[in-house]
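One structure below.
Residue numbers count from 1 along this sequence. Below, each value reflects all heavy atoms present in this structure, side chains not excepted, and no hydrogens, waters or symmetry copies.
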Amino acid sequence: TFSGSGANLTGISISSDSDDNTVGGSGAGDSITSGSGLFNTCFGKDAGTGITSGDYNTTIGGNAYKVGNGRLNTIVGYNAAAHGGGAGNQNTVVGNTAGYELVGGENNAFFGYCSGDAITTASNNTAIGSEALTTSTTGASNVAVGRQALNDNTTGSNITAIGYNSLKANTTADANT
């Protein structure tokens, strides 16, 4: 339990720079270019370390958005959106390894362990649940709700799958419910 002002605490590195970027953690936000990347918040080891010119991103967790450089993204969880290295915009990714390969997709929402972890450039997907939409790479405008919902989909688009393992075996077919 902490009490008092905290003025004597050591080992805490939190700062806001002249571009309103706030970082905390070893390597967090350390590549943001002065005068270019604005209003980013990065907490956790190497969180947001790939951001150079992206704006308005929130990254929390070890390696979260480690190589990303987009705008208006919210990335929370260890390795969340960590590998793709893209400039996708307006994505919300919450969960360990969720959205891991995200490169350039936009307006995606991934919630749960490994949800949407293979998506690269697809947009407008919603995956809620552990391993939901986990194999899809370029399938767009899908909704997967439930553990492993639409799990084996790779390129199918405009699909709605609700419930545990629902449409799990669908791989490429479009417009299914």
Check: Judged by atom type as modelled, is there a donor-acceptor pair below 3.5 Å linking the side chain of Asn89 to the main-chain atoms of Arg71?
Finding: yes
Item checked: Distance-only polar pair, side chains of Asp30 and Thr49, donor-acceptor under 3.5 Å -> yes
Check: Do Asp174 and Asn176 have side chains that get closer than 4.5 Å, going by heavy atoms?
Finding: no
Checklist line | Separation of Tyr65 OH from Asn79 CG (nearest 0.5 Å) | finding: 15.0 Å
Checklist line | Atom pair CD1/OG1 of Ile75 and Thr92 - distance to nearest 0.5 Å | finding: 7.5 Å
Checklist line | Thr154 side-chain N/O to Thr171 backbone N/O, donor-acceptor pair under 3.5 Å | finding: yes
Notebook entry, point to check: Would you say Asn40's side chain and Gly54's backbone share a donor-acceptor pair under 3.5 angstrom?
Noted result: yes
Item checked: Backbone of Ala140 reached by a side-chain donor or acceptor of Ser157 within 3.5 Å -> yes
Item checked: Shortest non-hydrogen contact between Cys42 and Gly48, atoms and distance -> SG-CA, 4.0 Å
Check: Is Thr120 reaching over with its side chain to a backbone N or O of Thr137, donor-acceptor style, under 3.5 angstrom?
Finding: yes
Check: With distance as the sole criterion, is a donor-acceptor pair present between the side chains of Thr155 and Thr138 under 3.5 Å?
Finding: no
Check: Rounded to the nearest 0.5 Å, how far does CG of Asn91 lie from CG of Asn125?
Finding: 9.5 Å
Checklist line | Spatial distance of atom OG1 (Thr135) from atom CG (Asn170) [nearest 0.5 Å] | finding: 11.5 Å
Margin query: What I want to check is whether the side chains of Glu131 and Gln148 have a donor and an acceptor closer together than 3.5 Å.
Written below: yes
Checklist line | CA sep, side-chain torsions, deciding dist, call: Ser31, Thr52, side chain to side chain contact (heavy atoms under 4.5 Å, CB included) | finding: CA-CA 5 Å; Ser31 300; Thr52 57; 4.1 Å; yes
Margin query: If we ignore hydrogens and angles and just use 3.5 Å, is the side chain of Asn142 paired with the main-chain N or O of Ile159 as donor and acceptor?
Written below: yes
Next item on the list: Look only at the side chain of Asn153 and the backbone of Ser136, and say whether a donor-acceptor pair between them is shorter than 3.5 Å.
Entry: no
Note to self: On a heavy-atom basis, which atom in Gly44 and which in Ala28 lie closest, and how many Å separate them?
What the structure shows: O-CB, 3.4 Å
Checklist line | Closest non-hydrogen atom pair between Ala122 and Gly139, with its separation | finding: CB-O, 3.0 Å
Notebook entry, point to check: Are Phe110 and Val94 side-chain neighbours, meaning at least one heavy-atom pair lies under 4.5 Å?
Noted result: no
Note to self: Checking the side chain of Asp55 only, and the main-chain atoms of Leu38 only, is there a donor and an acceptor separated by less than 3.5 Å?
What the structure shows: yes
Item checked: Spacing of CD1 belonging to Ile32 relative to CG belonging to Asn21, to within rounding of 0.5 Å -> 4.0 Å
Notebook entry, point to check: Distance from Ile51 atom CD1 to Ser36 atom OG, nearest 0.5 Å?
Noted result: 11.0 Å
Check: Any donor and acceptor pair, going by atom type alone, linking the side chain of Asp19 with main-chain N or O of Gly35 inside 3.5 Å?
Finding: yes
Checklist line | Least distance between heavy atoms, Ala149 atom then Gly163 atom | finding: CB-O, 3.7 Å
Next item on the list: Decide yes or no on side chain to side chain donor-acceptor pair (under 3.5 Å) for Asp117 and Thr134, but give the supporting numbers first.
Entry: CA-CA 5 Å; Asp117 69 331; Thr134 195; 2.3 Å; yes
